[in-house]
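For reference, the structure is listed below as structure tokens.
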Amino acid sequence: MYRTHTCGELRLTDAGKTVTLAGWVQRVRDLGPFLFVDLRDRYGITQIVVEWLDYHVKGEGGLGSFVVDPAKRAEKVETLAKLGREFVVQVSGPVRQRDNENPNLPTGEIEVLVTELKVLNAAKTPPFTIEEETDGGDELRMKYRYLDLRRANIRRNFELRHRMAMEVRNYLSAHHFLEVETPVLIKSTPEGARDFVVPSRMNSGEFYALPQSPQTFKQLLMVAGFDRYFQIVKCFRDEDLRQDRQPEFTQIDCEMAFVEQEDILNTFEGMAKHLFKSIHEVEFSEAFPRMSFDEAMKGYGCDKPDLRFGMKFQSLTPDPSPGERGEDLVRGVGFKVFDEAELVVGINAEGCAGWSRKQTDALIEFVKRPQIGATGIVFLKWTEEGLKSTVDKFYTPEHLQKWAERFCMKQGDLLCIMAGKADKTRKQLNELRLHMGDLLGLRDPKVFKPLWVIDFPLLEQDEETGRWHAMHHPFTAPKPEDAQKLFDQQDLGSVRANAYDLVINGTEIGGGSIRIHDRTMQEAMFRVLGFTDDDARYKFGFLMDAFEYGAPPHGGAAFGFDRWVSLFGHRTDIREFIAFPKNNSGRDVMIDAPSRIDQIQLDELGITVKG
RNA sequence: GGUGCUGUAGUUCAGUGGUAGAAUGCCCGACUGUCUAUCGGGAUGUCGCGAGUUCGAUCCUCGCCAGCACCGCCA
């Protein structure tokens with residue numbers, strides 16, 4: 001037995017016991033006659049102390065005037081004082097109350113007086129400090145990930161991940177969901193993301209693909225009558241990476257039969273609330289707000305609005321979409337930028353009227369960056385002197401007063417107004433809104449604002465090729481009232497779907513839809529997406545065949561587990577919550593993957609590598 | 001595929017057209033209660049790689065490589 005206790009459990013009530021601990025040397029503090037070692041394991045830190053009592057000679061002054069024989073000390077220090085950071089050691093000795101307690105440590109009231117110490121394994125000096133605030137950069141930490149994972153704050157991320165996975169399983173299992181594993185070596189499908197591909201040795205020239213999600217399998221489980229399925233499962237997409245995207249990531253994948261959208265939203269809203277409650281003790285007594293895709297785009301310029309703060313869009317021109325009306329408050333006074341714009345839209349930054357020219361110029365610079373590509377911003381501020389805009393030479397105070405009313409503006413507020421093509425301008429204003437939210441500290445990671453975005457369009461059109469793509473995926477059903485348009489291939493842009501996203505704090509946490517469960521409907525969908533019937537049969541024949549054997553109405557959802565955990569951990573970088581993540585270019589810098597393979601392997605697979 | 005930023009001691013960074021510094025880590029020493037111990041001393045550099053400009057380049061220019069962030073992409 002290597003240990004009787006962990007480094008996190010000893011308390012004052014244990015004083016007097018003789019214990020054995022094992023762990024890593026966090027830090028050594030050598031005070032001469034005393035040597036303190038912080039011994040660390042997963043459970044905490046316990047101070048162990050080495051005293052050279054046997055060499056002490058009591059002086060005349062009583063306690064506090066010991067004298068140490070330097071020669072004898074040197075002898076003993078030989079082994080003990082050579083302990084370096086991250087040595088693995090085993091120590092035994094009595095637990096005793098400390099002279100000076102450390103209130104910052106759960107074990108701070110006690111220490112273990114070393115009577116025996118064994119070095120189980122020496123360690124090289126680590127390339128960065130194993131502290132909560134490490135001095136190591138990202139790349140180095142990834143290369144030595146096993147050292148990085150020793151840091152308490154990183155370890156806590158995985159404790160959080162574990163607890164969330166347990167709670168998800170508890171909730172779904174209690175709601176009769178069955179956890180079923182689906183294959184990882186599957187068939188490459190078009191549409192959507194690029195597949196990772198695996199060559200087959202036994203079927204030369206043919207390839208498996210790794211699943212982008214278990215989508216078709218979970219639908220087949222519904223056909224099989226499993227009724228409620230879930231899986232916490234790895235998915236793979238060969239696309240460029242971001243802070244919140246890894247080539248392999250984990251989804252909470254779910255599907256239900258005999259349900260309508262409302263049943264699904266309720267079930268998974270329940271799961272979300274269960275997680276909020278069990279992990280963060282946050283209680284949502286009200287239903288999550290719901291917003292249609294159109295509302296989100298018009299009010300926030302994106303399909304995943306961050307509702308931690310306001311600054312909802314208001315337009316100063318009538319909405320350009322068909323059937324919409326509204327008073328035009330800007331056109332016809334000779335200001336070309338607004339006259340020629342399809343849409344003039346802005347946000348009200350409350351309390352920002354005092355911003356300096358330098359600050360507002362910085363906002364203009366921000367939106368002019370190539371990534372955003374806007375031409376500028378018109379400002380209107382309401383200070384003690386009244387309304388003042390950057391376009392005063394075009395607009396009368398009466399004009400400006402009407403703008404202010406439209407935005408419910410108060411003294412002290414600042415309007416930021418942009419103009420141009422409707423969709424593009426909204427997108428740009430969304431970036432500005434989020435930027436303002438950051439600048440004003442309105443995006444507190446400890447505040448959670450969930451919402452459902454619903455009524456997504458079924459299809460979206462590629463600007464360049466004119467081709468239609470499934471917005472969610474090709475198995476999403478149109479709303480029944482729009483279904484005929486799919487068969488007629490008429491007015492496809494207006495077809496809505498019972499598709500929904502769960503958005504928390506401006507992050508898409510998950511989404512899903514009611515699926516097609518009818519062969520003719522699925523065929524119509526594939527035709528709209530530009531598949532020939534042969535193509536559809538080759539790629540998805542198995543699914544359409546299954547639909548002919550009594551497929552129940554069904555639908556489901558999938559949630560990005562890594563994102564959800566990082567959100568609950570108040571961070572944006574999901575790599576902090578993945579034990580062995582990959583870098584920006586999809587490399588694992590620790591094991592150095594991907595890598596070349598032997599010619600023998602290539603030959604077996606019948607593969608020739610170019611170059 | 002594109003844009004931007006970064007690359008200097010083990011690490012995190014500062015810096016200069018005349019081959020370099022801080023902090024921390026590391027090593028040595030002192031110290032009777034530390035807990036980011038303290039104090040004293042010490043060692044450490046292909047200034048990412050290659051080419052060009054220059055009398056001379058870590059610094060300027062170009063290319064490449066790597067990392068990060070973003071756009072495209074991510075049903």
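Sequence lines set the chain letters: A, B, ... in the order given, protein chains first and strands last, and positions in each chain run from 1.
Ion pairing between A/E239 and A/R245 fails under the 4.0 Å rule for side-chain N and carboxylate O.
Between the CG atom of A/D30 and the C1' atom of B/C31 there is a distance of 9 Å, rounded to whole Å. Atom CD1 of A/I130 and atom C1' of B/U12 are 15 Å apart (whole Å). Separating the CD atom of A/E431 from the C1' atom of B/G72 is a distance of 13 Å, rounded to the nearest angstrom. As rounded to whole Å, 15 Å separates atom C1' of B/C71 from atom CG of A/L241. When rounded to the nearest whole Å, the span between CG of A/L31 and P of B/G29 equals 15 Å.
Rounded to whole Å, the separation between the P atoms of B/A66 and B/A14 comes to 23 Å. Only the C1' atoms considered, B/G41 is 45 Å distant from B/A51, to the nearest whole Å. Comparing the P positions of B/U61 and B/U53 gives a spacing of 16 Å, expressed to the nearest Å. Using C1' as the reference atom, B/A43 and B/G52 are 37 Å apart when rounded to the nearest Å. Comparing the same atom, P, in B/C47 and in B/U11 gives a spacing of 14 Å after rounding to whole Å.
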All N/O contacts under 3.5 Å from nucleotides 39-42 of chain B to the protein, with atom names and distances to one decimal?
none

Give me the distances for all protein-to-nucleotides 65-69 of chain B N/O pairs that come in under 3.5 Å?
residue: B/G67; atom: OP1; partner: A/N583; partner atom: ND2; Å: 2.6
residue: B/G67; atom: OP2; partner: A/S585; partner atom: OG; Å: 3.3
residue: B/C68; atom: OP1; partner: A/R575; partner atom: NH1; Å: 3.4
residue: B/C68; atom: OP1; partner: A/N584; partner atom: N; Å: 3.3
residue: B/C68; atom: OP2; partner: A/N584; partner atom: N; Å: 3.0
residue: B/A69; atom: OP1; partner: A/R575; partner atom: NH2; Å: 2.7
residue: B/A69; atom: OP2; partner: A/R575; partner atom: NH2; Å: 3.4
residue: B/A69; atom: OP2; partner: A/N584; partner atom: OD1; Å: 2.8
residue: B/A69; atom: OP2; partner: A/N584; partner atom: ND2; Å: 3.3

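Comparing A/P370 and A/D240 along RNA chain B, the residue whose closest nucleotide (by nearest heavy atom) sits nearer the 5' end is A/P370.
Across B/G10, B/C35, B/G72, the shortest atom-to-atom separation from the side chain of A/D135 is found for B/G10. Nearest to the side-chain atoms of A/R369 among the listed nucleotides B/C31, B/C70, B/G10 stands B/C70. The side chain of A/R245 has B/C73 as its nearest neighbour among B/U3, B/C73, B/G33.
A cation-pi contact, defined as under 6.0 Å to the ring centre and within 45° of the axis, is absent between A/K187 and A/F540.
Atom SG of residue A/C254 and atom CZ of residue A/F268 lie 4.0 Å apart, to the nearest 0.5 angstrom. Here the straight-line distance linking atom NZ of A/K143 with atom CG of A/D148 works out to 14.5 Å at 0.5 Å rounding.
Among the atoms of the strands shown, none is found under 4.0 Å from any heavy atom of A/I45. Using a 4.0 Å heavy-atom criterion, one finds that A/E101 contacts the bases of the nucleic acid, with or without backbone contacts as well. At a threshold of 4.0 angstrom between heavy atoms, the contacts of A/R98 include nucleobase atoms, whether or not backbone atoms are also involved. Counting non-hydrogen atoms under 4.0 angstrom, A/E111 reaches a base of the nucleic acid.
Between A/F456 and A/F293, the ring-plane angle classifies as tilted under the 30° and 60° cut-offs.
Residues forming a side-chain contact (heavy atoms from CB on, under 4.5 Å) with A/D533 (at least two apart in sequence, or on another chain): A/R527, A/R537.
Screening A/R155, A/R156, A/R40, A/R151 for a salt bridge (Lys or Arg N to Asp or Glu O under 4.0 Å) with A/E132, the sole residue that qualifies is A/R156.
Other residues, nucleotides and ligands contribute over 12 non-hydrogen atoms within 6.0 Å of the NZ atom of A/K485.
The partner of B/U61 is B/A51, by the rule that a Watson-Crick or G-U pair needs both atom distances under 3.5 Å. Nucleotide B/C26 is matched to B/G42 when pairs are restricted to Watson-Crick or G-U wobble geometry with both distances under 3.5 angstrom.
The side-chain ring of A/F128 is not stacked on the base of B/U11, judged by centre separation under 5.5 angstrom and plane angle under 30 degrees.
For the OP1/OP2 pair of B/G72 and a distance below 4.0 Å, the side-chain nitrogens and oxygens of A/K427 include at least one atom meeting the criterion.
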